[in-house]
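The structure under discussion appears below in the form of C-alpha cells.
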2 protein chains.
Amino acid sequence: MESGLAIKALGALAQEQRLEAFRRLVQAGDGGVAAGTLAEAMGVPNSSLSFHLAQLSHAGLIVQQRVGRSLIYRADYRAMNALVAYLMENCCGGAVCSPVPSSIPQKAERSAA
Amino acid sequence: MESGLAIKALGALAQEQRLEAFRRLVQAGDGGVAAGTLAEAMGVPNSSLSFHLAQLSHAGLIVQQRVGRSLIYRADYRAMNALVAYLMENCCGGAVCSPVPSSIPQKAERSAA
DNA sequence: GTATTAATTCGACTATTATGGAAATATGAA
DNA sequence: TTCATATTTCCATAATAGTCGAATTAATAC
C-alpha cells in the first residue's frame, strides 16, 4: 500500500461516525447494510451519513452495490488488511508489532510494565 | 483501547507530515530524534513540526524527553501495538485479519532486550 | 404518465486543522 | 549577566472538514 492511500484510509477512520459506521458494516458481514438502515440505526441524518460513507468509499474501505432502490454498503476486508499490514510494516520498526488478538491466551507481557 | 483514543491516534497518523515524522521516529529506534533535527531532515519549519509533534504526542504515539537544550522524541511502540490490535479486533470482523506481511527482514534492535 | 421510496448532491454555514513568522521560554556557555 | 542555541507558543490567516435541510436523481409501482 502506498502512503497516500494509507493516509486517506487513516483519515477516513479517524472520525466518530465513520468509525462506528465502518464497525457496523464489518459486523454485518457479507450481507452489508443499506444506507438508510444504517443512518437510522446510528441516529444520523441521511445526508450526513451519506457524506461519511462517501469518504469511506473514496478511501477504498467500503464498497456499494445497488439493489433495487437501496444502496447496500459492505466493508472491504482486503483494504483493511492492507492498511493493517502497512502500519505493521512501516510504523512498527519493521519487526513484529505483537498483533495478539485478545482471544489468544497470552503467555507473558514484555518488559512493558 | 477505547475508541476515542483510537480515533485520536488514527487522526494523528492521517496527515502526510505526521505520518512521515512518526515513521522516521520508528526507524530511529530507541535513540529518538531531536525536534530540530527532524524538522531539518523533513524540510519543514520548526513551528509547523512542533505543532504536528504535539498532536502525535497528545495521541500517545510518541513521547518526549529533554536532553540539554534538545527535546528528543521517540515513537511509543506500545501505543502503536494497541492501535493495530484495536483495528484487528474491531474492524476485521473479530476474526483474523490475515496480517501476514510475508517476509520482513527482522531488524531485531528494539526495547525487548 | 404520476406517486412513492431510497439515497445522493447542493448550498450555506460553523468548526476544526494547517501554516509559518515573530515573540516567548528553557537550557547551557562565556 | 549576556549571548547563543533549541524549541515551543502565539497570532493571524488559509484551507479543509462536518452538519443538515432542501432540491435532485434513481428505481419501482400503479
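We name chains A, B, ... by the order of the sequence lines, and we start the count at 1 in each one. These numbers were taken from a predicted model, which means no experiment stands behind them.
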*Heavy atoms under 4.0 Å, any strand shown: does B/Ser48 hit a base, just sugar-phosphate, or nothing?*
base
*For B/Ser50, report the nucleic acid contact type (base, sugar-phosphate, nothing); a contact means any heavy atom under 4.0 Å.*
base
*asked:* Is the phosphate of D/dT8 approached by B/Tyr73 (side-chain N or O, under 4.0 Å from OP1 or OP2)?
replied: yes
*Residue-phosphate contact under 4.0 Å: A/His52 side-chain N/O, D/dA17 OP1/OP2*: no
*asked:* Nearest whole Å is fine: how far is C/dT5 C1' from A/Glu40 CD?
replied: 14 Å
_Counting only heavy atoms not in A/Arg66 (residues, nucleotides, ligands), do more than 12 fall under 6.0 Å from its CZ?_
yes
*Taking CG from B/Asn46 and C1' from D/dC10, how many angstroms apart are they, rounded to a whole number?*
15 Å
*asked:* Quick check: on DNA chain C, is the nucleotide nearest A/Leu53 upstream (toward 5') of the one nearest A/Arg69, or the reverse? Name the residue that is more 5'.
replied: A/Arg69
*Within this structure, what is the CZ-to-C1' distance between A/Phe51 and D/dG18, rounded to whole angstrom?*
6 Å
*Indicate if B/Met88 and A/Tyr77 have the same hydrophobic cluster label, given that clusters are the connected sets of ILVMFWY residues with side-chain heavy-atom separations under 4.5 angstrom.*
yes
*Looking only at side-chain N and O atoms, does A/Arg18 come under 4.0 Å of OP1 or OP2 in D/dG18?*
yes
*Rounded to whole angstroms, how far apart are CD on B/Gln15 and C1' on C/dT17?*
9 Å
_Taking any heavy-atom pair under 4.0 Å as a contact, classify B/Ala39: base, sugar-phosphate, or nothing._
nothing
*Does a side-chain N or O from B/Gln55 land closer than 4.0 Å to OP1 or OP2 of C/dA18, or not?*
yes
*A/Ala12 backbone acceptor or donor facing A/Arg18 side chain under 3.5 Å*: yes
*Between atom CD in B/Glu16 and atom P in C/dT17, what is the gap in whole Å?*
18 Å
*Identify whether any heavy atom of B/Ala54 sits under 4.0 Å from a base atom; if not, whether one sits that close to sugar-phosphate; answer base, sugar-phosphate or nothing.*
nothing
*State, yes or no, whether a side-chain contact exists between B/Leu13 and B/Leu56 at a heavy-atom distance under 4.5 Å.*
yes
*Looking only at side-chain N and O atoms, does B/Ser47 come under 4.0 Å of OP1 or OP2 in D/dT7?*
no
*With respect to the phosphate group of C/dT19, does any side-chain polar atom (N or O) of B/Gln17 fall under 4.0 Å of OP1 or OP2?*
yes
_Nearest whole Å is fine: how far is D/dC20 C1' from A/Met42 CE?_
15 Å
*Given the rule that I, L, V, M, F, W and Y join up when any side-chain heavy atoms are under 4.5 Å apart, are B/Phe22 and B/Phe51 in one cluster?*
no
*asked:* Measure CG/B/Leu13 against P/C/dA18 and give the value in whole Å, please.
replied: 12 Å
_Whole angstroms only, please: what is the CG-C1' distance between B/Leu49 and D/dA6?_
13 Å
